[in-house]
Amino acid sequence: NAGVTQTPKFQVLKTGQSMTLQCAQDMNHEYMSWYRQDPGMGLRLIHYSVGAGITDQGEVPNGYNVSRSTTEDFPLRLLSAAPSQTSVYFCASSYGVAGIEQFFGPGTRLTVL
Amino acid sequence: ELKVEQNPLFLSMQEGKNYTIYCNYSTTSDRLYWYRQDPGKSLESLFVLLSNGAVKQEGRLMASLDTKARLSTLHITAAVHDLSATYFCAPRGSNYKLTFGKGTLLTVNP
């Protein structure tokens with residue numbers, strides 16, 4: 001199993017550009033989520049999904065869209081990048097809402113100029 | 001809304017000493033996670049605490065959970081340099097969402 005994979009590892013954008021951060025898992029996990037990590041802030045939940053076709057907002061959803069068309073993939077879209085979205089983004093998954101372990105991907109470091 | 005207060009935020013220890021990191025949370029949670037993060041790396045799961053009174057130990061780290069007090073602790077025994085990292089607690093609240101503390105940056109000095 002590859003676990004949770006994220007691409008790209010690093011990305012630099014200009015203000016106003018859009019892009020998609022990719023997240024995939026090969027463990028047949030139902031629950032997937034996106035977090036952003038900023039210095040001194042811990043991790044904050046952006047969006048999450050409890051299964052294919054079902055998504056919901058987390059703590060800081062503004063400026064981001066998600067969709068879950070398959071169990072494996074959970075992409076995060078930045079519609080119009082802003083410097084405030086400069087952060088490290090982590091994707092995580094677990095086996096259903098009762099799943100004990102949350103598996104985190106390696107992260108994507110995004111800089112918006 | 002679940003709020004998490006973790007303290008201290010910075011902890012500088014000497015090797016061989018003991019210390020405790022505290023994690024207070026504001027509303028009911030059905031489980032609590034502890035994670036370790038090394039600089040530039042992802043999060044590594046340390047413990048999952050599922051019930052009141054749960055205690056788990058791995059090496060020099062021991063975590064406990066008191067759901068009535070809404071408090072979890074991560075105790076470090078006889079610290080060694082390899083334990084230097086940032087430690088996060090994350091209780092799980094409504095809709096199965098994790099809320100993370102701000103993290104404790106632990107530095108263990110020789």
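Every value quoted in this text rests on a predicted model; they were computed, and no experiment measured them.
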Worksheet item: What part of Leu45(A) gets closer than 4.5 Å to chain B, counting heavy atoms only: side chain, backbone, both or neither?
Response: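 The side chain, not the backbone.
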Fill in: Toward chain B, the part of Phe103(A) with a non-hydrogen atom under 4.5 Å
neither
Worksheet entry | Residue pairs fulfilling side-chain hydrogen bond (donor to acceptor under 3.5 Å, both in side chains) with at least one residue in residues 100-110 of chain B, sequence neighbours excluded |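 Output for this query lists Gln6(B)-Thr104(B), Ser12(B)-Asn109(B).
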Practice prompt. Would you mind checking which part of Leu50(B) comes under 4.5 Å of any heavy atom in chain A, side chain (CB onward), backbone (N, CA, C, O), both or neither?
Written response: side chain
Worksheet item: Where is the tightest heavy-atom contact between His47(A) and Phe74(A), given as atom of each residue plus distance?
Response: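 Reported closest heavy-atom pair: O-CE2, 4.0 Å.
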Discussion item. Is the distance between the ring centroids of Tyr35(B) and Phe100(B) under 6.0 Å?
Written reply: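 Ring centroids of Phe100(B) and Tyr35(B) are less than 6.0 Å from each other.
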Fill in: Option that, when pairs with chain A are counted at under 4.5 Å, heavy atom only, ranks first among Val48(B), Thr86(B), Leu98(B), Thr99(B)
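Maximum pair count with chain A is reached by Leu98(B).
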Going by atom type alone, with no hydrogens or angles, which donor-acceptor pairs under 3.5 Å involve a side-chain atom of residues 104-113 of chain A and a protein atom two or more places apart or on another chain?
residue   : atom : partner : partner atom : Å
Thr108(A) : OG1  : Pro8(A) : O            : 2.6

